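These notes are about the structure you will find just below.
Keep in mind the model is a prediction, meaning the values are calculated, not measured.
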Amino acid sequence: MSIQLQTVSAFLNELSVKSPTPGGGAVAGLFCAVSSALGNMVVAYSEGKASLKEHEQLHQDCMTFLMKAVEESLLLADADAEAYQKVSDLWRLPENDALRASKWDETFIEAATIPLKTMELSERVLITLNTLVGKSNAMLNSDLAIA
């Protein structure tokens, strides 16, 4: 089941059992989505404040990016779980299996590429959040720091 369609409790239960997926990459994607959404909350509380009017365009740009980052990171979380499940399935085949040999490189490259994309997106989210420091509602500084 798609991570984004699960309840938090269901995801945590699935994560805590002896199963190859979801794993660290899915968690990284989910945390990136949570961070992006929290950053959007900070922006939402900053919009329309007279004292922050000069940062209005920054707020709009950040909100647009962070909304897309939520969607992208959830897709990456699901993609990571799917890719690692393929690795796990391939790993179970006998070493001399023709399917294992033919799919080995492609499967492992895909499984390694998705976490790299998640890391790159996470870095872009962090850079975006850093641009909001001192340019967003000060009452939400702790939320921005957590994001």
Flag, side chain of [X] to backbone of [Y], donor-acceptor distance under 3.5 Å:
| X | Y | value |
| --- | --- | --- |
| Ser16 | Leu12 | yes |
| Ser19 | Thr21 | yes |
| Asp80 | Leu76 | no |

Side-chain heavy atoms under 4.5 angstrom apart, residues restricted to Ile, Leu, Val, Met, Phe, Trp, Tyr: same cluster for [X] and [Y]?
| X | Y | answer |
| --- | --- | --- |
| Leu38 | Leu30 | no |
| Ile109 | Leu90 | no |
| Leu52 | Val43 | no |

Are [X] and [Y] packed together at the side-chain level, in the sense that at least one heavy-atom pair is separated by less than 4.5 angstrom?
| X | Y | answer |
| --- | --- | --- |
| Ser73 | Thr118 | no |
| Leu74 | Val70 | yes |
| Cys62 | Thr131 | yes |

For [X], which residues count as a side chain to side chain contact (heavy atoms under 4.5 Å, CB included) partner, sequence neighbours excluded?
| X | result |
| --- | --- |
| Ser2 | Gln4, Leu5, Asp78 |
| Val133 | Asn130, Leu144 |
| Val27 | Phe11, Leu15, Phe31 |
| Ala79 | Ile114 |

(request) Could you list who else is in Leu116's hydrophobic cluster, with ILVMFWY side chains joined at under 4.5 Å, directly or through other members? (result) Met119
(message) Running the 4.5 Å side-chain criterion over Ile, Leu, Val, Met, Phe, Trp and Tyr, what cluster does Leu126 land in, apart from itself?
(response) none
(message) If the condition is salt bridge (Lys or Arg N to Asp or Glu O under 4.0 Å), which residues does Lys135 pass it with, not counting sequence neighbours?
(response) none
(request) Under the salt bridge (Lys or Arg N to Asp or Glu O under 4.0 Å) rule, collect the residues that match up with Asp143, sequence neighbours excluded. (result) none
(request) Would you mind listing every salt bridge (charged side-chain N to carboxylate O under 4.0 Å, His left out) that reaches into residues 12-29, with sequence neighbours excluded? (result) none
(message) Listing request: all salt bridge (charged side-chain N to carboxylate O under 4.0 Å, His left out) pairs with a residue in residues 52-74, at least two apart in sequence or in separate chains.
(response) Lys53-Glu56, Glu72-Arg124
(message) How close do His59 and Ser136 get, counting heavy atoms only, and between which atoms?
(response) NE2-CA, 4.2 Å
(message) Name the residue from Leu140, Asn141, Leu58, Asn137 that meets the side chain to side chain contact (heavy atoms under 4.5 Å, CB included) definition with Leu132.
(response) Leu58
(message) Does anything in residues 31-52 form a side-chain hydrogen bond (donor to acceptor under 3.5 Å, both in side chains)? List the pairs, not counting sequence neighbours.
(response) none
(message) Listing request: all side-chain hydrogen bond (donor to acceptor under 3.5 Å, both in side chains) pairs with a residue in residues 96-106, at least two apart in sequence or in separate chains.
(response) none
(message) Rounded at 0.5 Å granularity, tell me how far OG1 in Thr113 sits from CZ in Phe108.
(response) 12.5 Å
